[in-house]
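This one's a predicted model, so the numbers in the text were calculated from it and none came from an experiment. Protein chains get the first letters and strands the later ones, always in sequence-line order, with residue 1 at the start of each.
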Amino acid sequence: MPIRLSSLFLRTLREDPAEAEVESHKLLLRAGYIRRAAPGVYTWLPLGLAVKAKVERIVREEMNRAGAQEVFFPALLPREPYEQTGRWTEYGDNLFRLQDRKKADYLLAPTHEEMFTLLVKDLYSSYKDLPVCLYQIQNKYRDEARPRAGLLRGREFVMKDAYSFDLTDEGLEKSYQAQRDAYERIFTRLGVDYVIVKADAGAMGGSASEEFLSPSPIGEDTFVRSPGGYAANVEAVKTVVPKAMNSDGLPAATVHDTPNTNTIDSLVDFANANHGRGHVWNAAHTLKNVVLALTSPEGKRSLVVVGIPGDREVDAKRAEAAFGPNDVEPATDADFERHPELVKGYIGPVKNGNPLLGLEGEAKVRYLLDPRVVDGTSWISGANVEGKHVFDLVKGRDFNADGIADIAEVRAGDPAPDGSGPLELARGIEIGHVFQLGRKYAQALGLQVLDENGKLQTVTMGSYGIGVTRLVAVLAEANRDDKGLIWPESVSPADVYIVATGKDDSVFEHAERLAAEFEAKGKSVILDDRKVSPGIKFSDAELIGVPHIVICGKGLENGEVDHWNRRSGERRALSLNSVVAELA
RNA sequence: CGGGAUGUGGCUCAACUUGGUAGAGCACCUGUUUUGGGUACAGGGGGUUGCAGGUUCAAAUCCUGUCAUCCCGACCA
């Protein structure tokens with residue numbers, strides 16, 4: 001049966017709803033695909049549900065093809081398994097928690113690692129059972145501090161989550177590759193533009209980790225790519241380390257008075273005004289020492305100083321990734337009070353020729369350096385005295401550090417780590433994530449199987465996610481014009497959209513007959529059989545965005561209908577007899 | 001959690017500065033009209049102005065409190 005607009009539960013809106021900011025969000029609301037039920041929580045209307053179902057079907061087909069098996073978990077889960085993995089507390093405010101009538105704690109699943117792990121543990125106990133890969137396509141719940149852009153970042157959302165279980169690392173590698181391949185097929189079939197970037201495995205404690213990002217100016221993730229094909233999340237970019245240089249013949253380190261130079265800009269200005277050397281000093285000649293406070297998961301606070309070239313800032317995300325699982329924040333006034341030897345604005349590695357920073361130094365504070373600060377490089381840095389800086393301070397000759405911290409910002413033009421050219425920065429929306437979880441959850445929940453030798457082995461896991469509802473938003477964002485949506489054929493709510501226009505009943509009869517013929521060929525049809533003016537019908541057709549529109553009206557006199565390509569805008573007359581064959 | 005903005009029929013907004021008892025467009029209902037680009041006309045239904053308190057003869061409007069939503073940031077498998 002065709003979907004008839006005369007009876008479809010649909011009301012298109014002429015104006016943009018005030019609640020929406022992002023184009024895809026506005027259009028999905030205006031075209032009657034979704035309605036907001038609560039912040040970050042959406043109701044799916046018939047058209048939206050049709051698109052969501054198309055996306056899910058493609059994901060399901062490719063998961064099955066990759067040998068994964070579908071299961072379905074409750075969304076409402078007891079506290080205990082999450083207690084065992086520590087996530088009842090780790091998840092913090094992002095977890096929707098509730099209690100039953102007996103005051104027992106429950107949660108709405110933000111993800112299902114624990115349940116997958118326990119399910120396999122429940123039923124399997126031999127290496128012969130492995131490998132196995134299970135998946136789900138379900139609603140997830142996260143109490144996001146700030147839901148964004150409609151479906152893009154909701155508090156209730158649909159994810160496909162898959163988990164692989166293997167005995168060996170090689171097995172995991174194979175399972176990972178199978179999922180990664182499936183992801184490429186899925187996104188290709190959906191017609192989504194994507195890049196695969198190296199990601200920081202970070203908090204989840206895994207090893208290999210890659211994200212699938214769909215490039216978009218409204219994306220929340222920043223990634224880099226090079227002309228030679230390198231791509232990575234900014235958190236994962238490794239700075240190219242320059243060759244160490246010979247310090248022979250470099251001038252000796254000298255302390256100079258540099259009054260009122262507690263910022264890099266003022267220091268550079270002062271150096272150029274008072275210590276000209278036939279070249280212009282700039283921020284890159286200075287070594288900025290940033291004091292950070294780390295807070296461990298147990299709540300222990302410690303300071304670390306990071307020396308980076310003065311023309312760069314610390315990237316908070318890279319710092320979090322580098323120092324995880326610690327929390328990172330700039331040192332506070334209270335921190336400085338506890339370390340009077342750190343003179344704000346004039347911090348440097350040495351004081352009076354002796355180490356100040358570093359575990360061996362006077363301040364006994366861990367000191368880490370940006371990878372660019374290699375032996376033989378010469379710097380202007382603080383002298384640890386108000387109003388004084390050291391010039392010609394040479395790494396390796398005059399100072400050293402406890403290690404490296406690669407947390408400075410990545411900039412457009414920086415070289416790619418693999419030598420494939422200068423990096424460019426871009427924004428993307430994370431639509432998929434694959435990574436090798438390893439044994440963390442299996443360990444925490446005791447998932448072990450017997451190997452050939454009858455010995456217990458902890459299983460190793462992979463985790464693979466796709467944001468299904470987010471994909472609907474990504475597809476809408478990427479496929480639209482100023483008139484409305486333009487769905488790719490793979491996810492369109494219908495294959496053909498028939499507009500019947502004319503006052504004579506015969507046009508509606510012809511349209512109905514056409515619809516039946518299309519459906520007989522396996523094509524789904526939306527039929528605009530409303531008794532409204534043609535302008536309304538055309539605007540709604542554009543708004544709703546089915547890629548193939550058939551106009552059944554005036555041309556009937558000559559036995560013709562028009563095929564209107566929504567994407568190209570092109571219209572061409574086709575004979576009534578050939579249109580079905582042409583489009584089917 | 002920090003900063004900003006906004007709450008008025010289903011939707012988009014006006015009236016608030018300068019208090020006088022709520023209005024337009026869209027949507028909806030009825031009739032006529034129109035039928036390849038949101039047709040025209042006439043009539044109609046629908047709002048305790050987020051909530052609570054206060055000031056006042058009188059509050060959408062002024063004051064206090066509160067709740068909610070949106071945006072930026074922080075946060076974020």
Visitor: Of the nucleotides C75(B), C70(B), U12(B), which one has an atom closest to the side chain of A145(A)?
Guide: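 That would be C75(B).
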Visitor: Can a donor-acceptor pair be found between the side chains of N565(A) and R572(A) at a distance below 3.5 Å?
Guide: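 Distance-only check fails for N565(A) and R572(A).
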Visitor: Under a 3.5 Å cut-off for both contacts, is C41(B) paired Watson-Crick or G-U wobble with anything, and if yes, with which nucleotide?
Guide: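 Partner of C41(B): G31(B).
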Visitor: Between C70(B), U12(B), G36(B), which nucleotide has the shortest distance from any of its atoms to the side chain of E15(A)?
Guide: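 Out of C70(B), U12(B), G36(B), the nucleotide with an atom closest to E15(A)'s side chain is U12(B).
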Visitor: Look at R142(A) and C75(B) and indicate whether a side-chain polar atom (N or O) is within less than 4.0 Å of OP1 or OP2.
Guide: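 Result: no.
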Visitor: Heavy atoms under 4.0 Å, any strand shown: does K317(A) hit a base, just sugar-phosphate, or nothing?
Guide: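 Here K317(A) touches the bases of the nucleic acid.
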Visitor: Taking only side-chain nitrogens and oxygens of R11(A), does any of them come within less than 4.0 Å of OP1 or OP2 of G10(B)?
Guide: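 Answer no for this pair, as no side-chain N or O of R11(A) is under 4.0 Å from OP1 or OP2.
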Visitor: In terms of relative ring orientation, are F538(A) and W564(A) parallel, tilted or perpendicular, with 30° and 60° separating the classes?
Guide: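 Correct class here is perpendicular.
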Visitor: For S214(A) and D193(A), which I'm curious about, is there any donor-acceptor pair between the side chains at under 3.5 Å?
Guide: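 Side-chain D/A pair, S214(A) to D193(A): absent.
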Visitor: Could you work out which one of G38(B), U69(B), U12(B) sits closest to the side chain of R36(A)?
Guide: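 Ranking G38(B), U69(B), U12(B) by closest atom to the R36(A) side chain puts U69(B) first.
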Visitor: What is the separation between atom CG on D504(A) and atom C1' on U34(B), rounded to the nearest whole Å?
Guide: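 Roughly 15 Å, once rounded to whole Å.
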Visitor: It should be established whether T501(A) places a side-chain nitrogen or oxygen under 4.0 Å from OP1 or OP2 of nucleotide G36(B).
Guide: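 No, no such contact exists.
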Visitor: Within the structure shown, what part of the strands sits under 4.0 Å from F157(A) by heavy-atom distance: base, sugar-phosphate, or nothing?
Guide: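 No contact.
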Visitor: What does G465(A) touch in the nucleic acid at a heavy-atom separation under 4.0 angstrom: a base, only the sugar-phosphate, or nothing?
Guide: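 It contacts nothing in the nucleic acid.
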Visitor: Using the side-chain heavy atoms of P17(A), tell me which of these nucleotides is nearest: G38(B), U12(B), G36(B).
Guide: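 For the P17(A) side chain, the nearest candidate turns out to be U12(B).
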Visitor: Rounded to whole angstroms, how far apart are CD1 on I536(A) and C1' on A40(B)?
Guide: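 Between C1' of A40(B) and CD1 of I536(A): 13 Å.
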Visitor: Quote, to the nearest angstrom, the C1' distance that separates A14(B) from G47(B).
Guide: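 A14(B) and G47(B) have their C1' atoms separated by 15 Å.
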Visitor: If you measure from the C1' atom in U69(B) to the same atom in A22(B), how many Å do you get, rounded?
Guide: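 Going atom to atom, C1' in each nucleotide, I get 23 Å.
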Visitor: Using the P atom as the reference point in each nucleotide, state the distance between C67(B) and U30(B) in Å, no decimals.
Guide: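 It works out to 45 Å between them.
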Visitor: Could you please name the option among C72(B), G38(B), U39(B) that lies closest to any side-chain atom of R146(A)?
Guide: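 Selected nucleotide (nearest to the side chain): C72(B).
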Visitor: Give me the distance, rounded to whole Å, that separates C1(B) from U66(B) when you measure between the P atoms they each carry.
Guide: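 Their P atoms lie roughly 14 Å apart.
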Visitor: Start at the 5' end of RNA chain B and walk down; is the nucleotide closest to P534(A) or to E220(A) reached first?
Guide: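 Result of the comparison: P534(A).
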Visitor: What's the NZ-P distance between K537(A) and U39(B), to the nearest Å?
Guide: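 The answer, rounded to whole Å, is 12 Å.
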Visitor: Which whole number of Å gives the distance between the P atom of G36(B) and that of U48(B)?
Guide: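 Here G36(B) and U48(B) have their P atoms 42 Å from each other.
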Visitor: Without decimals, in angstroms, what is the distance between I544(A) CD1 and G38(B) P?
Guide: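 Rounding to the nearest Å, CD1 of I544(A) and P of G38(B) are 18 Å apart.
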Visitor: Between Y183(A) and K160(A), is there a cation-pi geometry (under 6.0 Å to ring centre, at most 45° from the normal)?
Guide: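 Judged by the rule (NZ or CZ under 6.0 Å from the ring centre, within 45° of its axis), K160(A) is not positioned above Y183(A).
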Visitor: Indicate, with a heavy-atom threshold strictly under 4.0 Å, whether E542(A) touches base, sugar-phosphate, or nothing.
Guide: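 Base: the residue E542(A), judged by heavy atoms under 4.0 Å, touches a nucleobase.
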Visitor: Taking only the P atom of each, what is the distance from A15(B) to G3(B) in whole angstrom?
Guide: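 Here A15(B) and G3(B) have their P atoms 28 Å from each other.
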Visitor: Which part of the nucleic acid, if any, lies within reach of D93(A) when heavy atoms closer than 4.0 Å are counted: base, sugar-phosphate only, or nothing?
Guide: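 It contacts nothing in the nucleic acid.
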Visitor: So what's A24(B) paired with, Watson-Crick or G-U wobble, going by both distances under 3.5 Å?
Guide: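 With both distances under 3.5 Å, A24(B) matches U12(B).
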Visitor: Between atom CG in L10(A) and atom C1' in A27(B), what is the gap in whole Å?
Guide: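 Whole-Å distance recorded here is 13 Å.
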Visitor: Closer than 4.0 Å, any side-chain N/O of K503(A) to the OP1 or OP2 of U35(B)?
Guide: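 Yes.
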Visitor: Using side-chain heavy atoms (C-beta onward) and a distance below 4.5 Å, is L134(A) in contact with V120(A)?
Guide: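 With C-beta onward as the side chain, the pair touches.
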Visitor: Using the C1' atom as the point on both nucleotides, what is the distance between U33(B) and C41(B), in whole Å?
Guide: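 Between the two C1' atoms, the distance is 8 Å.
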Visitor: Regarding D540(A) and T12(A), do their side chains bring together a donor and an acceptor under 3.5 Å, going by distance alone?
Guide: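 Judged by distance alone, the side chains do pair up.
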Visitor: Among L213(A), D221(A), V192(A), L152(A), which residue meets the side chain to side chain contact (heavy atoms under 4.5 Å, CB included) test with I429(A)?
Guide: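 Only one of L213(A), D221(A), V192(A), L152(A) forms a side chain to side chain contact (heavy atoms under 4.5 Å, CB included) with I429(A), namely L152(A).
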Visitor: Under the salt bridge (Lys or Arg N to Asp or Glu O under 4.0 Å) rule, what do R30(A) and E23(A) come out as? Steps first, then yes or no, please.
Guide: CA-CA 10 Å; R30(A) 280 187 54 209; E23(A) 287 308 317; over 6 Å; no
Visitor: Who does C70(B) pair with, Watson-Crick or G-U, both distances under 3.5 Å?
Guide: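 The base-pairing partner of C70(B), which may sit in any strand shown, is G4(B).
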Visitor: Students often get this wrong, so: under 4.0 angstrom with heavy atoms, is V532(A) touching a base, only sugar-phosphate, or nothing?
Guide: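 Base contact.
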Visitor: Relative to the 5' end of RNA chain B, which residue comes earlier, A38(A) or E144(A), by the nucleotide with the nearest heavy atom?
Guide: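 Closest to the 5' end, via its nearest nucleotide, is A38(A).
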Visitor: Please determine, for the side chain of D540(A), which listed nucleotide (C70(B), G38(B), U35(B)) has the closest atom?
Guide: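 The listed nucleotide nearest to D540(A)'s side chain is G38(B).
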Visitor: At 4.0 Å (heavy atoms only), tell me whether D161(A) reaches a base, stays on the sugar-phosphate, or touches nothing.
Guide: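 D161(A): base contact, heavy atoms under 4.0 Å.
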Visitor: Identify whether any heavy atom of L13(A) sits under 4.0 Å from a base atom; if not, whether one sits that close to sugar-phosphate; answer base, sugar-phosphate or nothing.
Guide: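 Answer is nothing: L13(A) stays at 4.0 Å or more from every strand.
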Visitor: On a whole-Å scale, what distance lies between the P atoms belonging to A68(B) and C29(B)?
Guide: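 My reading of the P atoms in A68(B) and C29(B) gives 36 Å.
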